[in-house]
Amino acid sequence: MKRQVTLVIDDREVAVPENTTVLEAAERAGIHIPHLCHCPGLESTGACRLCLVEIEGSTRPVVSCRCTVRPGMQVRTQTEALRAIRRFVVELLLSRHPGDCLTCEKSGECLLQRYAYELGANRETFPRRDHDHAAENDDPFIVRDPSLCILCGRCVRVCQKYGAGVLDYARRGLETVVGTPFGKPLAAAGCDFCGSCVETCPTGALLERPRRGQGRVWELEEKAGVCTHCGLGCRVYLDTKKGRIVRTRASAMGGYLCARGRFGWSYLHSPERLTRPLVRKDDRLVPAGWDEALALTAGRLGEIARTYGRGAVGGIVGAMVSSEVVASFCRFIRDGLQGDYVDSILQFAGLPVLGEVVRLLGSDGCATLEDIAEAGVLLVIGDVVDRVPGLWPRIKEALRRGATLIVLDFRQNRVARAANIWLRCRPGTEAALLGQILAWIVRESRCNRQALACTFPDAGFEQVLRAVEAERVDTGVREDAIREAAAALGDPLAKAVIVFAVDGAAPEAGQAALYLASATGRVPGGVFPGAIVPNLRGLFQAGAFAAGDNGIYGNESTLRALYVLGEDPVTTFPHTERVRARLAGLDFLVVQDLFLTPTAALADVVLPATVPVETGGSIVGADGTIREFEPAVPPSAIPTAEVLARLAGRLGVAARNTTCARCAVGRSQGRQPAAAQAPVAENTVYPFLLVPSASPYRIYRDILSEKAGLHVVDPYLGHLRMAPGDAAALGVAPAGGTVTVRTPSAELQVRVVPDDTLPAGVVSLPAFSRQYNTLAGPGQTAVPVAVTVDTREGGDSA
Ligand code: SF4
Ligand code: SF4
Ligand code: SF4
Ligand code: FES
């Protein structure tokens, strides 16, 4: 615990923890010291000199953002002399600042404008020296106007801390500007579009492009919300005007949002969003009233359930639906319509691993983001950071504090490049490699066998270990690297956290990661299971995953009618064509969604859906944290919960809506882990290995990414990633070209994008995409494929 220090600021006694700065101490006491370059959470540089204060015993004013408190310190923050210095500083800045306040979007919240007014600064005190820098208008989400920049450096520091580190000072003296290397557009410079720089900029020099012309700050209404674009559920402030989201901000200064959370909301206001029902007439979907659509839906579902009995009606529910609505939906199908089959993406997003996470770690046994930031040893498995971009700032924070970062992934992405130990295994051998690390820890007697026996009483840990020892799978990783990683993880004094994606490309590795965590005494508290799919645990708790063959994949299925809510299985489920044919052959299909998706296009009735940000509710990420939130914008259609209630009413079944997150937790069903990961054998006919990949710019449902415009900054969306050497050998590098990708049962024409993070022989398509699912079947995470050059141009057709 930190020692308290008492000092006096403007005649007020203030007690703060030691090492607090005078500026922070004053803020805590409610005394505002003007400041421009200081930003909470970022290191202070003392660049602007506005925060000067007088300290008794000091001959000159002192920069309060860099001066730490001392016991008995006497501080004055508001003297006439200080006001004169601050006015001088602001007037100097104004001499280079255009007087565009009438049209500047930041008017009303610009700190320079605020201090100019409060200090009575005069724009004409110093001769004008206008910038000749033009606004940088080439980026999709951010507009930069260097003429409004006051060189406070906040954006540079926040970009280093949270972003891609692409911003820096360039040129010298009066010519100094903040920009990217060689003045490239942000996208070309490698910007993440996290928008942290925009949020921290005190002037109009950096601005969210979508915000322009949408509302001045005093017109905006701030709503606290939760980002539902991955399982992390970051807290977010949604600034709205007339029911539309104008901009987003991280929940606290120093907080972080990734591109999806910052700029990924505009699908909500897309003109293509469904706002009224459609019914099929003469084989066409035509607009209909709610009464007609609900009567038809209830009538047909009821009739089919009565005629064919249990199991004739089923449901599929989406992962961007709140837990409360998931629970209501499951009850509606199971109790109201005797439906045995209720499924979701969870089936293909690491269900067995999630079952183990729930069994072993319960609702509060996972590591937190703070645990990650404070870890001494971090093991990051697979592309979890692309799936959950909010992990990256915490990993960077751990590195800054001196953590050892071990990365187990075949991709040489930014996380691997930052690693102290990079275990670049062959795709499909992740679980085997973790087993080898565990075997070393056991051999060296660093293993807590008792903990293992408690955590895995039935799972046959000893057999697994013997199998690992006997098989000696060639993972492609050198023995000394494995030893080094094992020694770091096996150190009982180190605070170690293992981070993996439940829905990652190698879900079996999650099981092995849990073994490893348990063996080293890190269960609970030393595992963070992330997921790009948002509400995995909400789906799990409601039991929204299929059992047996009675579903859209089962050969013996009795399913005749299906209600699909908030999901597009034709796109996101494996075996696209099989799913499409099965859905097209049903007696009745009702789809409730935001857009006319490929699944909705097959439906007999299409109902508009609402999203949690419009209705409130909760989601539960893979780590078990319940994120509850209020509605932020009005619903564009009848709320989904009410639609279910109306249907239940028409069918004469009790409408049991669940309104509380904790009551929604109902039908949790653990599953035993999947079979051990089998390395994919080399194959001369299908010599490439196809794996699914995530992207920080892509919500798991492509249609939402596209409607939000995120695809503009995602170079890989819908394309085949391939190592540049392989692309060159095929003659499709450097610009890319169209290739045909084949498995024994399917083929796809698709454009190639060279990707230097991939090793030779590995190709990748976006996870949960139509392209990947055209080629992959259920449970396939590494598919042998042949890739040949297609002379037809304009590819991408399944
Ligand atoms: S958006 Fe993020 S990564 Fe891009 S320049 Fe700003 S802070 Fe850096
Ligand atoms: S762009 Fe904004 S945050 Fe960056 S240095 Fe200029 S004024 Fe400061
Ligand atoms: S990390 Fe996940 S929850 Fe956080 S802003 Fe990004 S997509 Fe949203
Ligand atoms: S805020 Fe202290 S020098 Fe800028």
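Both ligands and their constituent atoms are indexed starting at 1 by order of listing. Values below: all heavy atoms of this structure, side chains included; hydrogens, waters and symmetry mates excluded. Just so it is clear, the structure is predicted and the values come from calculations on it, not from any experiment.
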Under 4.0 Å from ligand 4, counting heavy atoms only, is it the side chain of R66, its backbone, both or neither? neither

Does a side chain donor of either S705 or H711 reach within less than 3.5 Å of an acceptor in the other side chain? no

Check ligand 2 against G153 and write out every atom of the ligand that is under 4.0 Å from a heavy-atom position of the residue. 5 (S), 8 (Fe)

Q412 and T757 side chains, donor-acceptor separation under 3.5 Å: no

Which of the numbered atoms in ligand 4 are under 4.0 angstrom from any heavy atom belonging to H38? 1 (S)

Within the 4.0 Å heavy-atom shell around G46, which atoms of ligand 4 are there? 3 (S)

Just by distance, with hydrogens left out, do D386 and S695 show a side-chain donor and acceptor under 3.5 Å apart? no

Please could you name the atoms of ligand 4 that V63 approaches to less than 4.0 Å, counting only its heavy atoms? 2 (Fe), 3 (S)

For G190, does its backbone N or O pair with a side-chain atom of K184 as donor and acceptor, under 3.5 Å? no

Compare every heavy atom of V236 with every heavy atom of T248, then report the nearest pair and how far apart it is. CB-CG2, 3.9 Å

Subset of ligand 4 atoms that lie under 4.0 Å from at least one heavy atom of C48: 1 (S), 3 (S), 4 (Fe)

Measure centre to centre between the rings of H229 and Y697, then say whether the value is under 6.0 Å. no

Any heavy atom of I150 under 4.0 Å from ligand 2? The part involved is both

Among all protein heavy atoms, pick the one closest to atom 1 (S) of ligand 4 and tell me residue, atom and distance. H35 CB, 3.3 Å

Could you check whether any side-chain N or O of N413 sits under 3.5 Å from a backbone N or O of A416, counting only pairs where one atom can act as donor and the other as acceptor? yes

Check this for me: does any side-chain nitrogen of one of R209 and D139 sit under 4.0 Å from a carboxylate oxygen of the other? no

Going by atom types only, do T6 and E13 share a side-chain donor-acceptor pair under 3.5 Å? no

Between C37 and atom 4 (Fe) of ligand 4, is there a contact where an N/O/S atom of the residue lies under 2.8 Å from the metal? yes

Protein residues that have a heavy atom under 4.0 Å from any atom of ligand 1, sorted by chain and number: I142, C159, G163, A164, V166, L167, L186, C191, D192, F193, C194, G195, C197

In ligand 4, which numbered atoms sit nearer than 4.0 Å to a non-hydrogen atom of C51? 1 (S), 2 (Fe), 3 (S)

Ligand 4 contact by S44, heavy-atom criterion under 4.0 angstrom: no

If the threshold is 4.0 Å, N to carboxylate O, is there a salt bridge linking R12 and D10? no

Smallest heavy-atom separation, F410 atom then L758 atom, equals CE1-CD2, 4.0 Å

Any N/O/S atom of C65 sitting less than 2.8 Å from atom 4 (Fe) of ligand 4, backbone or side chain? no

Looking only at side-chain N and O atoms, does T368 offer a donor or acceptor that is under 3.5 Å from a partner on D371? yes

Under 4.0 Å from a heavy atom of T203: give me the atoms of ligand 2 that qualify, with their elements. 7 (S)

Per-atom contacts, ligand 2 versus C149 - under 4.0 Å to a heavy atom: 1 (S), 5 (S), 6 (Fe), 7 (S)

Residues T404 and N420: side-chain donor-acceptor under 3.5 angstrom: no

Number the atoms of ligand 4 from 1 as they appear, then name those within less than 4.0 Å of a heavy atom of A47, with their elements. 3 (S)

So which atom in C197 and which in I142 form the shortest heavy-atom distance, rounded to 0.1 Å? SG-CD1, 4.3 Å

Which ligand 4 atoms, with their elements, are less than 4.0 angstrom from a heavy-atom of R49? 3 (S), 4 (Fe)

Of all the atoms in ligand 2, which lie at a distance below 4.0 Å from a heavy atom belonging to L151? 5 (S), 6 (Fe)

